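If you're wondering where the values come from, they're calculated on a predicted model, not measured in any experiment. We count ligands from 1, going down the list as the structure has it; atoms in each ligand are counted the same way.
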Amino acid sequence: MYDIGIIGGGTAGMTAAIYGQRAGKRTIIIEGSTFGGQITSSPNVENYPGIASVSGSEFSMNLLDQAMKLGAETVTEQVTGIRDEGGVKVIETTGKEYPCRSIILATGVTHRHLGVPNEERLTGSGVSYCATCDGAFFRGRDVAVVGGGSTALQDAEFLSNYCRKVYLIHRRDEFRGENRIVKRLEEKENVEFVLNCTVREIIGDSSVERIIVNNKKTGKEYKLEVSGVFIAVGQIPRNEIFADAVKLDENGFILAAEDCVTSHPGIFAAGDCRTKEVRQLTTAAADGAVAALAACKFVVD
Ligand code: NAP
């Protein structure tokens, strides 16, 4: 029996494990794919207090190492559901069941898709949701980045180091992401801002050949000849499998305030998967600590 079962091995989940282990609790993190979560795709993290600059993958590997050295157990399995058997909470995965005294849901979010023609078909053949993972395949070629948040800005900056030309397509004329990066991009000769525009269609037989872009102000449409489209239009939660156990809001985020307490006693929610205003690395880490300490209190009471 585990004191704290943590679902999700991103920043929130791993921070929760660190706090749980340090409080002497038996902790397990169950992760469906890669430990580290979203931040592993970030080429450079520059806004985590005390660390001026670190790659997302190094940051998350350090977190995992820290949690494991403290004794946190880790498994890579797909969680299929959770249930409460009158005090004992059970995490169900594809192959096993993990009985726990408390559960922390730290499932993060996943990439939002544009929903335009050929996006799904050409994913992996020019359409990508991770510039850090796939950028090197586009060395010397022309690519587009879609989005106006920090991820899109970072992706454009990263790709500008490899690609001949980077079009940064945003649906408004003001970016949501960090102004500091916008300024750096403005100085890059191979980066072109395509503002007030949306992608209407991605075109290509076996791989991306071009995209059709629509200018929302003028109504005009034009083609951009690109071999890669990096989509960074935000994140959506995937909490449907927990909907019977905890209350979700209308967008699918787990209803929980800053105390990380959900509608179900003994089940806590930490990080980007819960209802909150600010989704940052720092707030994910903060949630991990808050949820773990609340879980520690729950299992003792
Ligand atoms: P985000 O901040 O939600 O930005 C999403 C962007 O995509 C927005 O500019 C939005 O436009 C645009 N968008 C949404 N749906 C669209 C659609 N259907 N078509 C076209 N454009 C669309 O997402 P994010 O950049 O992935 O960032 C998520 C969170 O992670 C943020 O809190 C961010 O600060 C954080 N982050 C932190 C770091 C770091 O290094 N610490 C790095 C990356 C991200 P509008 O602006 O018009 O809404």
Side-chain angles (χ1 to χ4, degrees), residues 8 10-12 15 36-60 62-63 106-120 127-133 135 144-159 167-182 184-185 193-202 211-217 221 224 229-238 251-253 270-288:
T11 301
T15 305
Q38 291 179 72
I39 201 65
T40 50
S41 317
S42 206
N44 198 15
V45 179
E46 296 176 341
N47 59 3
Y48 197 84
I51 307 175
S53 172
V54 64
S55 77
S57 56
E58 186 183 350
F59 177 85
S60 48
N62 285 343
L63 259 186
T107 50
V109 284
T110 188
H111 306 292
R112 176 183 287 125
H113 290 200
L114 278 178
V116 297
N118 300 317
E119 178 180 5
E120 306 299 326
V127 174
S128 170
Y129 299 87
C130 179
T132 325
C133 320
V145 173
V146 189
S150 289
T151 304
L153 297 177
Q154 284 195 341
D155 285 358
E157 187 172 40
F158 178 74
L159 290 164
Y167 297 100
L168 177 53
I169 303 168
H170 180 37
R171 63 184 178 184
R172 293 187 292 133
D173 58 5
E174 220 173 75
F175 289 103
R176 183 181 292 273
E178 275 184 83
N179 200 34
R180 233 163 75 90
I181 315 178
V182 176
R184 293 203 296 253
L185 288 172
F193 293 168
V194 181
L195 302 177
N196 299 309
C197 286
T198 53
V199 175
R200 191 176 61 71
E201 188 177 353
I202 300 169
I211 54 177
I212 308 287
V213 170
N214 179 272
N215 185 308
K216 296 200 302 173
K217 284 214 163 148
E221 285 199 344
L224 291 178
V229 187
F230 290 86
I231 298 168
V233 294
Q235 315 283 339
I236 48 170
R238 278 226 188 120
N251 297 315
F253 291 98
D272 288 1
C273 66
R274 78 168 175 89
T275 47
K276 55 170 28 194
E277 280 293 314
V278 180
R279 293 191 170 84
Q280 292 286 310
L281 208 50
T282 44
T283 59
D287 272 14

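- Counting heavy atoms from C-beta on, the side chains of F175 and I181 never come closer than 4.5 Å.
- Using a 4.0 angstrom heavy-atom cutoff, N47 counts as in contact with ligand 1.
- Taking atom 42 (C) of ligand 1 as the reference point, the nearest protein heavy-atom neighbour is Q154 OE1, 3.6 Å.
- There is no side-chain donor-acceptor pair under 3.5 Å between E157 and N44.
- Among protein heavy atoms, the minimum distance from atom 10 (C) of ligand 1 is reached at R171 NH2, 3.8 Å.
- The backbone N or O of R171 sits less than 3.5 Å from a side-chain atom of K216, completing a donor-acceptor pair.
- Given atom 14 (C) of ligand 1, the protein heavy atom at minimum distance is V233 O, 3.1 Å.
- Of the protein's non-hydrogen atoms, S150 CB, 4.1 Å is the one closest to atom 36 (N) of ligand 1.
- Those atoms of ligand 1 that come under 4.0 Å of a heavy atom in R172, given as number and element, are 45 (P), 46 (O), 47 (O).
- The residue among R279, E178, H113, R112 with a heavy atom at the shortest distance from atom 29 (C) of ligand 1 is R279.
- Protein heavy atom in closest approach to atom 27 (O) of ligand 1: T151 OG1, 3.6 Å.
- Using a 4.5 Å cut-off on side-chain heavy atoms (C-beta onward), V109 and F253 make contact.
- Between G149 and ligand 1, at least one N/O pair is under 3.5 Å apart.
- Atom 33 (C) of ligand 1 has Q280 NE2, 3.5 Å as its closest protein atom, hydrogens excluded (heavy atom only).
- At a 4.0 Å cut-off, at least one heavy atom of H170 sits close enough to ligand 1 to count as contact.
- You'll find the side chain of Q235 reaches within 4.5 Å of the side chain of H111, heavy atoms only.
- Between F59 and L281 the shortest side-chain heavy-atom distance falls below 4.5 Å.
- Atom 23 (O) of ligand 1 has G234 CA, 3.4 Å as its closest protein atom, hydrogens excluded (heavy atom only).
- R200 places no side-chain N or O within donor-acceptor distance of the main-chain N or O of I212, the cut-off being under 3.5 Å.
- Using a 4.0 Å cut-off between heavy atoms, Q38 makes no contact with ligand 1 at all.
- Of the possible polar contacts, one joining the T283 side chain to the V278 backbone as a donor-acceptor pair under 3.5 Å is found.
- Between N118 and E201, the closest side-chain pair of non-hydrogen atoms falls below 4.5 Å.
- Between the side chain of D287 and the backbone N or O of G271 there is at least one donor-acceptor pair closer than 3.5 Å.
- Per-residue contacts place Q235 under 4.0 angstrom from the following atoms of ligand 1 (heavy atoms of the residue considered): 26 (O).
- Taking atom 8 (C) of ligand 1 as the reference point, the nearest protein heavy-atom neighbour is R176 NE, 3.6 Å.
- Contact analysis puts L114 in contact with ligand 1, with a non-hydrogen atom separation below 4.0 angstrom.
- Compare G148, G177, G115 by their heavy atoms: the one nearest to atom 6 (C) of ligand 1 is in G148.
- By the 4.5 Å heavy-atom criterion applied to side chains, I169 and V199 are counted as neighbours.
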